[in-house]
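Let me begin by presenting the structure, written as structure tokens, before commenting on it.
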Amino acid sequence: MSSITIKPYLRLSGLEPLVIRPETNFVNVGERTNVTGSKKFARLIRDNQYEEALSVARQQVENGAQILDVNMDDAMLDGVKAMTTFLNLLQSEPDIARIPIMIDSSKFEIIEAGLKCVQGRCIVNSISMKEGEEKFIEQAFTCKAYGAAVIVMAFDEIGQADTKERKVEICKRAYQILTEKVGFDPQDIIFDPNIFAIATGIEEHNNYAVDFIEATREIKQLMPLAKVSGGVSNVSFSFRGNDHVREAIHSVFLFHAIHAGMDMGIVNAGQLVVYDEIEPTLKQLCEDVILNRNNDNNEATEKLIAFAETVKSKGKVEVKDEAWRNDSVEKRLAHSLINGITDYIEADTEEARQKYPTPLSVIEGPLMDGMGIVGDLFGAGKMFLPQVVKSARVMKKSVAVLTPYIEKEKEERKKAGAAEAAGAAKILLATVKGDVHDIGKNIVSVVLGCNGYDIIDLGVMVPADKILETAQREKVDMIGLSGLITPSLDEMVHIAKEMKRREMKQPLLIGGATTSRIHTAVKIAPEYEEGVVHVLDASRSVTVAGSLLSKEQKTDFLQNIRAEYISLKENFDNKKPVKHYLSYADALQNKVAAGWDKHTTQTPQFTGTKLFEDFDLAELRPFIDWKPFFIAWEMHGNFPEILTDTVVGKEATKLYNDANQLIDIIIREKWLKAKGTIGFWEAASHEDDVAVTNGSEKTTLSFLRQQIKKAADQPNLSLADFIAPADSGKKDFIGAFAVTLHGIEEHIKRFEAAHDDYNKIMLQALADRFAEAFAEALHLKVRKEYWGYDKDEQLSNEDLIKEKYTGIRPAPGYPACPDHTEKYKLFSLLNATETIGIQLTESLAMYPASSVCGWYFSHPRSQYFGVGKIQRDQLENYAARKGFTIAEAEKWLSPVLE
């Protein structure tokens with residue numbers, strides 16, 4: 001087998017890799033996020049305006065910076081705090097964080113603070129031997145431990161190197177120490193041989209640029225894998241205030257330094273002029289000064305100074321297209337909304353407020369016009385849900401600026417006794433009692449809010465009385481109900497009945513993963529005559545709401561819906577029985593042929609439970625199944641193919657990058673705590689019951705069996721078939737697990753306070769993915785270690801997602817065991833509420849919402865399946881086994897009843 005050769009290239013990364021190869025052109029290091037080099041950036045940081053400071057970083061990236069230098073060395077700043085705060089914020093902006101970071105400070109404690117924040121592979125700028133070899137080696141080891149490349153200043157115990165000879169001598173010495181004593185790879189060493197100011201009028205300074213250029217040439221010859229960098233703006237310091245001349249000096253200097261071997265430099269990427277486009281006179285003067293030609297008695301310097309006096313500064317050159325900032329305030333607001341840009345929204349909103357007669361008219365005018373465009377683009381499939389949510393973030397920030405003025409006007413009208421004008425249509429949204437899942441509802445809330453509706457979101461686990469009383473008190477125009485688990489369907493039916501009893505008139509929208517058009521038509525719509533509509537997803541909610549609130553469209557729309565639902569119900573009620581069922585007794589005789597006489601059961605490492613108090617999220621990350629994540633954002637397709645899809649690929653990739661950026665922060669800052677528990681117990685089956693022995697206690701698990709008539713060689717499955725029968729003579733076991741993520745609430749509240757629905761929904765979706773990943777990771781450990789029935793398993797993550805492993809982990813309430821009440825037994829066996837803090841609601845949803853539980857079966861023939869519909873004889877048998885009344889059994893088993 002041939003080995004793979006890793007080329008000795010400098011490899012850096014932000015969200016995206018940056019590999020510096022021999023053929024790589026000069027690498028621009030953005031310099032404006034430096035409090036010592038940018039007055040604007042320094043002011044923003046000192047004023048704690050970190051969000052605006054991010055726009056400086058974004059500008060550098062947009063203008064071509066490939067690495068971003070960040071420096072917080074200011075006597076009036078807490079450098080450690082400033083570096084930590086800024087880098088943490090920066091990591092949550094994927095358009096900035098995609099490039100590597102250069103952590104720049106003369107104080108090593110600030111550098112180390114930065115190293116704790118960045119993801120990817122960064123550069124430390126810088127370390128040196130100014131405090132001796134021992135300190136240098138200590139700091140180098142720290143940088144290496146964090147995986148960083150290092151810039152080494154040409155600075156030793158004597159001082160900074162200012163001649164070619166000293167520069168080469170110090171760099172060579174540092175190279176030997178780093179490669180021989182610390183173990184640095186040569187390609188991870190970057191030398192800064194010191195760029196000093198020229199044209200200062202001091203004779204000794206005239207050769208500084210030449211010394212740097214020639215030292216670079218020799219360093220590259222002696223240590224070819226090392227890199228050379230430098231702070232380019234230093235060379236033109238004498239001409240500060242004259243950007244036109246400074247830009248020319250930088251370009252001429254770089255032209256010669258790059259030819260000598262300079263690999264990268266800290267330079268304002270937006271202020272580099274093309275060497276060939278510099279006016280000839282200025283170029284010649286810069287050449288003479290930089291190369292120290294024709295400079296006896298500072299003659300070249302004096303000529304450049306004289307020329308500089310005649311040149312009017314052309315100011316800052318903006319490479320980024322900011323032409324839209326010259327448009328009217330209405331167009332600027334629309335541009336920000338469509339593109340999700342928050343940089344200018346406060347200022348533009350204030351400008352609009354002063355232009356329009358009332359703050360409300362700003363919302364009803366330009367803001368809603370902009371969101372109308374967003375809605376149109378979304379409806380036309382030209383924008384996707386993640387973009388819409390970003391637009392909503394801009395909208396909310398703008399409305400937050402206007403709200404105090406609106407409230408003030410309301411108070412003034414109230415004092416004057418004026419009637420309150422009618423506002424936007426109100427829609428009440430709630431996840432029903434007993435259900436804790438609200439990601440889909442949150443997305444619908446954002447999309448409807450983007451389309452001008454006033455949303456009242458009551459949250460999760462909302463009792464019927466609260467929903468209906470709020471709707472009546474607030475005079476809402478429509479009610480939307482959401483639910484994920486099957487008991488929520490019954491609660492929706494109950495709410496529909498209550499709305500009829502209260503003689504309410506508002507249309508009722510039904511949505512959520514467990515809902516369906518057929519269930520709405522058959523079970524909910526007949527209970528309420530004022531309009532019940534099933535909404536498939538967020539993108540449909542706008543059309544449905546618009547039709548229901550339009551005087552012209554409402555009547556026809558509801559008549560069509562009613563006719564459709566009546567037809568669906570009639571077809572359901574009158575359908576011919578195309579499926580044939582066995583009696584329960586006959587189904588019991590058609591069990592799985594599990595081969596217990598030949599099967600050897602595996603004894604787990606332990607019986608009882610094992611607790612995982614704080615499982616490492618970094619270990620769970622590779623187990624994430626991304627397909628459901630994209631589905632949550634209404635992007636459908638397999639992963640990773642969706643990233644290159646011709647329609648959604650671009651936005652899917654942005655979403656994926658944003659998600660990974662947030663995951664980096666979640667892991668690094670420990671936002672979420674993963675807690676889990678597993679357990680194994682002796683178990684024996686009898687028909688469809690499984691007797692579990694937990695010490696001196698006995699627990700009976702009750703399962704259901706498929707009753708549909710199958711082909712002669714096909715069994716009617718029950719989970720009990722995969723546990724050895726009590727009379728088989730085999731000692732068998734069953735396992736269980738429960739996992740959860742704690743800590744999300746404070747971060748959700750923070751995002752809500754910042755009007756940031758995008759990151760709020762992103763965090764909720766990722767917490768769900770982590771919970772599922774936790775379940776997957778523990779199941780792997782169970783198979784290979786704790787139960788050990790498949791120790792040699794070698795499966796990829798794709799294979800795990802496709803469930804190619806041996807054994808299964810079905811969850812109560814899902815198709816193979818649809819009775820949610822079995823969770824009580826699972827939780828009791830695991831002691832899950834007390835140990836890992838998962839609560840069961842009255843509908844048996846789990847809280848926190850990002851929780852997963854289930855059983856472990858190890859038999860090689862065990863498989864996932866759906867029980868399907870059961871008949872009356874099994875219902876009665878199950879009720880008797882469980883100690884339920886028939887009514888109780890019907891309540892919990894309604895999804896599988898004919």
Side-chain angles (χ1 to χ4, degrees), residues 427-446 448 455-474 476 478-499 502 508-515 519 523-524 535 632 672 675 738-749 751-752 757 760-761 763-765 767-768 771 811-814 819-824 826-827 832-834 836-853 891-892 894-895:
I427 302 177
L428 182 148
L429 300 177
T431 299
V432 298
K433 181 180 72 172
D435 206 324
V436 299
H437 299 84
D438 67 347
I439 294 177
K441 173 179 64 63
N442 289 342
I443 290 174
V444 169
S445 174
V446 169
L448 288 174
I455 305 300
I456 300 173
D457 189 343
L458 295 184
V460 300
M461 296 194 292
V462 189
D465 285 347
K466 182 177 179 181
I467 292 172
L468 302 182
E469 287 166 6
T470 304
Q472 290 176 314
R473 183 178 65 252
E474 297 292 334
V476 305
M478 197 179 310
I479 297 171
L481 303 179
S482 176
L484 178 72
I485 59 174
T486 50
S488 296
L489 299 175
D490 294 333
E491 183 65 14
M492 291 174 180
V493 173
H494 168 65
I495 290 172
K497 290 178 179 178
E498 275 295 294
M499 290 178 73
R502 296 181 185 219
L508 177 63
L509 306 185
I510 301 295
T514 195
T515 64
H519 180 272
K523 299 288 187 180
I524 305 176
V535 182
L672 304 176
K675 301 185 75 172
V739 297
T740 189
L741 275 294
H742 288 281
I744 194 173
E745 288 83 3
E746 64 173 293
H747 304 292
I748 293 295
K749 288 177 182 175
F751 285 135
E752 286 175 342
D757 287 309
K760 171 189 170 183
I761 293 168
L763 178 58
Q764 290 177 309
D768 283 356
Y814 284 80
D819 180 8
H820 281 274
T821 66
E822 289 295 289
K823 284 179 192 166
Y824 287 128
L826 185 149
F827 270 56
T833 299
E834 292 77 7
I836 63 173
I838 304 180
Q839 306 290 328
L840 291 175
T841 71
E842 57 193 297
S843 297
L844 294 172
M846 291 179 285
Y847 184 83
S850 298
S851 301
V852 182
C853 71
K891 172 186 174 182
W892 291 105
S894 60

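Nothing here was measured: the structure is a model prediction, and the numbers come from that model.
Expressed to the nearest 0.5 Å, how far CG of Leu428 lies from CD1 of Ile455 amounts to 9.0 Å. Between Ile510 atom CD1 and Leu481 atom CG the span is 4.5 Å, to the nearest 0.5 Å. With rounding to the nearest 0.5 Å, the separation of CD in Glu822 from CZ in Phe827 is 13.0 Å. Between the CZ atom in Arg473 and the CG atom in Leu468 there is a gap of 11.5 Å [rounded to 0.5 Å]. For the atom pair CD1 (Ile427) and CG (Asp457), the distance works out to 11.5 Å, reported to the nearest 0.5 Å.
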Practice problem: Check the pair Asp490, Ser894 against side chain to side chain contact (heavy atoms under 4.5 Å, CB included), reporting the backbone distance first and the verdict last. | Solution: CA-CA 9 Å; Asp490 294 333; Ser894 60; 3.8 Å; yes
For side chain to side chain contact (heavy atoms under 4.5 Å, CB included), just list the numbers for Val739 and Lys675, CA-CA rounded to whole Å, side-chain angles, deciding distance to a tenth of an Å, and then say yes or no. CA-CA 6 Å; Val739 297; Lys675 301 185 75 172; over 6 Å; no
_salt bridge (charged side-chain N to carboxylate O under 4.0 Å, His left out) between Arg502 and Glu498, worked out_ = CA-CA 6 Å; Arg502 296 181 185 219; Glu498 275 295 294; 3.6 Å; yes
**Asked** Between Leu429 and Leu458, is a side chain to side chain contact (heavy atoms under 4.5 Å, CB included) present by the stated rule, with each step listed?
**Response** CA-CA 6 Å; Leu429 300 177; Leu458 295 184; over 6 Å; no
Before giving the answer on side chain to side chain contact (heavy atoms under 4.5 Å, CB included), spell out for Ile479 and Met499 the whole-Å C-alpha distance, their side-chain angles and the decisive distance to 0.1 Å.
CA-CA 10 Å; Ile479 297 171; Met499 290 178 73; 3.7 Å; yes
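Listed by chain and residue number, Tyr814 satisfy the side-chain contact (heavy atoms from CB on, under 4.5 Å) test with Ala811 (two or more places apart in sequence, or in another chain). For Ala496, the side-chain contact (heavy atoms from CB on, under 4.5 Å) test picks out Leu508, Ile524, Glu527, Tyr528, with sequence neighbours left out. Partners of Glu474 by side-chain contact (heavy atoms from CB on, under 4.5 Å), not counting sequence neighbours, listed by chain and number: Lys426, Ile456, Thr470, Val476. Annotation: ring-ring contact (aromatic ring centres under 6.0 Å, His included) contacts of His747 (sequence neighbours excluded): Trp671. Partners of Ala767 according to the side-chain contact (heavy atoms from CB on, under 4.5 Å) rule, which considers only residues two or more places apart in sequence or in another chain, are Leu672, Ile744, Ser850.
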Table please: side-chain donor-acceptor pairs of residues 838-846 below 3.5 Å, with sequence neighbours left out.
unit_1: Thr841; atom_1: OG1; unit_2: Gly434; atom_2: O; d: 2.5
unit_1: Thr841; atom_1: OG1; unit_2: Ser843; atom_2: N; d: 3.3
unit_1: Thr841; atom_1: OG1; unit_2: Leu844; atom_2: N; d: 3.3
unit_1: Thr841; atom_1: OG1; unit_2: Ala845; atom_2: N; d: 3.1
unit_1: Ser843; atom_1: OG; unit_2: Lys433; atom_2: O; d: 3.4

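Atom NZ of Lys823 has more than 12 heavy atoms from other residues, nucleotides or ligands within 6.0 Å.
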